[in-house]
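First up is the structure itself, then whatever we jot down about it.
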Amino acid sequence: MKHLVVISPEVTVENETATVNALFDEGLQYFHLRKPYFTTTEQEHYLSEIEPQYLKNVALHQHHTVNGNNQITRFHFKEHERLKQKGNELRLNKKQGMYFSTSLHDADEINTLTPLWDYVFLGPVFSSISKPGYENKVLETLVLEKKHSPEIFALGGISPDNAGSILNKGYDGIAVLGAIWLNPGRALETFKSLQKICCN
């Protein structure tokens, strides 16, 4: 079984947290809260609207100290933030039950990561749905030859139409944003379609 991650839209859509809870009800594994323009207060309010039992499956991209009454244990770091992290601190936090993910845009960097990182977003593998013009033709044709630690999740331009093809290239999972949120009214339907592909 492959992993399926949903990333929040940068700009909040109507009934977003209700949709996130519904996605979790349908079996969503991980939800990445990425709101670059959120204040700490806005993030606190957003998290308060997520059902408490699902907070352990939410990863924060910003305001890592605002973590849902200490129920959140997953934290994501951008590339430049990752370089600032100290191995000893990561090890200590992992012993306390925390999980860490990061982003890459160059496959050559995979081998520079230690197992202290639980999984990595590598992309864009296709032209981005949420960011027109954002593409990486090298990753679109890349095939991962071996099992990696950390796990590698494909990101960028993934939809029910192409998810199967990218998973066949050795990725451990996929992360989606635009496919879910460009049409929020069909978010559950799209998620179920992706879930079938990842679970088969």
Side-chain angles (χ1 to χ4, degrees), residues 1-38 42-64 66-77 98-103 118-126 128-131 150-167 171-200:
M1 177 179 173
K2 304 288 187 176
H3 297 284
L4 174 56
V5 177
V6 171
I7 302 172
S8 70
E10 286 191 10
V11 179
T12 301
V13 302
E14 187 176 359
N15 298 320
E16 184 175 321
T17 52
T19 299
V20 172
N21 284 321
L23 292 173
F24 274 124
D25 289 342
E26 288 295 331
L28 175 62
Q29 294 168 296
Y30 307 127
F31 176 70
H32 276 241
L33 180 55
R34 180 181 176 275
K35 299 284 188 181
Y37 309 112
F38 260 14
E42 288 171 326
Q43 181 162 299
E44 286 177 341
H45 178 71
Y46 191 104
L47 291 173
S48 74
E49 294 187 340
I50 302 298
E51 295 292 338
Q53 68 269 27
Y54 297 138
L55 288 174
K56 67 181 183 299
N57 300 103
V58 174
L60 301 183
H61 280 232
Q62 67 285 313
H63 304 312
H64 288 168
V66 182
N67 61 3
N69 295 322
N70 296 318
Q71 295 187 65
I72 290 177
T73 58
R74 297 180 179 275
F75 304 94
H76 187 88
F77 295 88
M98 295 183 184
Y99 301 87
F100 302 109
S101 57
T102 189
S103 302
D118 294 283
Y119 57 87
V120 174
F121 293 158
L122 179 61
V125 293
F126 300 115
S128 174
I129 296 172
S130 60
K131 298 178 181 179
E151 294 182 309
I152 311 297
F153 296 173
L155 171 69
I158 299 172
S159 69
D161 294 331
N162 59 24
S165 67
I166 200 67
L167 286 170
Y171 289 88
D172 300 293
I174 57 175
V176 294
L177 193 166
I180 298 292
W181 299 112
L182 283 187
N183 190 346
R186 299 187 60 186
L188 277 179
E189 179 182 341
T190 303
F191 173 78
K192 289 177 182 178
S193 296
L194 290 165
Q195 193 177 42
K196 288 181 181 178
I197 296 168
C198 288
C199 291
N200 290 335

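Position 1 is the first residue of the sequence, and the numbers go up from there. Computed over heavy atoms, backbone and side chain alike; hydrogens, waters and symmetry mates excluded.
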Exercise for review: For E14, look at atom CD and say whether over 12 heavy atoms of other residues, nucleotides or ligands are found less than 6.0 Å away.
Suggested key: no

Exercise for review: For the pair T17 (side chain) and I50 (backbone), establish whether a donor and an acceptor sit closer than 3.5 Å, ignoring hydrogens and angles.
Suggested key: no

Practice item. For E26, enumerate each residue passing the side chain to side chain contact (heavy atoms under 4.5 Å, CB included) test, keeping only those at least two apart in sequence or located in another chain. Key: L188, F191, K192

Check your understanding: Between the main-chain N or O of V120 and the side-chain N or O of D172, is there a donor-acceptor pair closer than 3.5 Å?
Key -> no

Check your understanding: Which pair of heavy atoms, one from L33 and one from Q43, lies closest together, and at what distance?
Key -> CD2-CG, 4.1 Å

**Study point:** Atom pair CZ/CD of F24 and Q53 - distance to nearest 0.5 Å
**Key:** 9.5 Å

**Study point:** 4.5 Å side-chain heavy-atom contact, L28 and N57
**Key:** no

Revision key, fill the gap. On a heavy-atom basis, the closest approach of P9 and K35 is O-NZ, 2.7 Å

Review point. Sequence neighbours excluded, which residues qualify as salt bridge (charged side-chain N to carboxylate O under 4.0 Å, His left out) partners of D25?
Key: none

Exercise for review: State, yes or no, whether a side-chain contact exists between C198 and Q29 at a heavy-atom distance under 4.5 Å.
Suggested key: no

Review point. Is the gap between the ring centers of F31 and Y54 under 6.0 Å?
Key: no

Check your understanding: If every non-hydrogen atom of L194 is compared with every non-hydrogen atom of P160, which pair is closest and at what distance?
Key -> CD2-N, 3.7 Å

Exercise for review: Apply side chain to side chain contact (heavy atoms under 4.5 Å, CB included) to S193 and T190, showing your working.
Suggested key: CA-CA 5 Å; S193 296; T190 303; 5.6 Å; no

Review point. How are the rings of F77 and H64 set to each other: parallel, tilted or perpendicular (split at 30° and 60°)?
Key: perpendicular

**Study point:** Donor-acceptor under 3.5 Å (D118 side chain, F100 main chain)
**Key:** yes

**Study point:** Test ring pair (Phe, Tyr, Trp, His ring centres under 6.0 Å) applied to Y119 and Y99, Y171, Y30, the passing residue
**Key:** Y30

Exercise for review: Would you check if the distance from the ring center of H76 to the ring center of F153 is below 6.0 Å?
Suggested key: no

Practice item. For K56 and R74, work out which heavy atoms get closest and say how close. Key: O-NE, 3.3 Å

Point to revise | Shortest non-hydrogen separation from E10 to P36 and the atoms involved | key: CG-CD, 3.9 Å

Practice item. Could you check S165 against F126 for side chain to side chain contact (heavy atoms under 4.5 Å, CB included), going step by step and ending with a plain yes or no? Key: CA-CA 11 Å; S165 67; F126 300 115; 4.0 Å; yes

Revision key, fill the gap. Interatomic distance, CG@L60 vs CD1@I72, rounded to 0.5 Å, equals 4.0 Å

Donor-acceptor list for residues 178-187 side chains, cut-off 3.5 Å, not counting sequence neighbours:
| residue | atom | partner | partner atom | Å |
| --- | --- | --- | --- | --- |
| W181 | NE1 | I7 | O | 2.8 |
| R186 | NE | E189 | OE1 | 3.3 |
| R186 | NH2 | E189 | OE2 | 2.6 |

Practice item. Kindly compute the distance separating CG (L122) from OG (S103), expressed to the nearest 0.5 Å. Key: 9.5 Å

Check your understanding: Which heavy atom in A154 sits nearest to a heavy atom in I166, and how many Å separate them?
Key -> CB-CG1, 3.9 Å

Practice item. Could you list all the salt bridge (Lys or Arg N to Asp or Glu O under 4.0 Å) pairs where at least one residue sits in residues 152-166, not counting sequence neighbours? Key: none

Point to revise | Residue pair E16 / Y46, side-chain donor-acceptor N/O under 3.5 Å | key: yes

**Study point:** Those residues that, when tested against S48, pass side chain to side chain contact (heavy atoms under 4.5 Å, CB included) (two or more places apart)
**Key:** H45

Practice item. Using atom types as modelled and distance alone, determine if a side-chain donor or acceptor of N21 lies under 3.5 Å from a backbone N or O of A18. Key: no

Practice item. Could you tell me which residues satisfy side-chain hydrogen bond (donor to acceptor under 3.5 Å, both in side chains) with H63, sequence neighbours excluded, listed by chain and number? Key: none

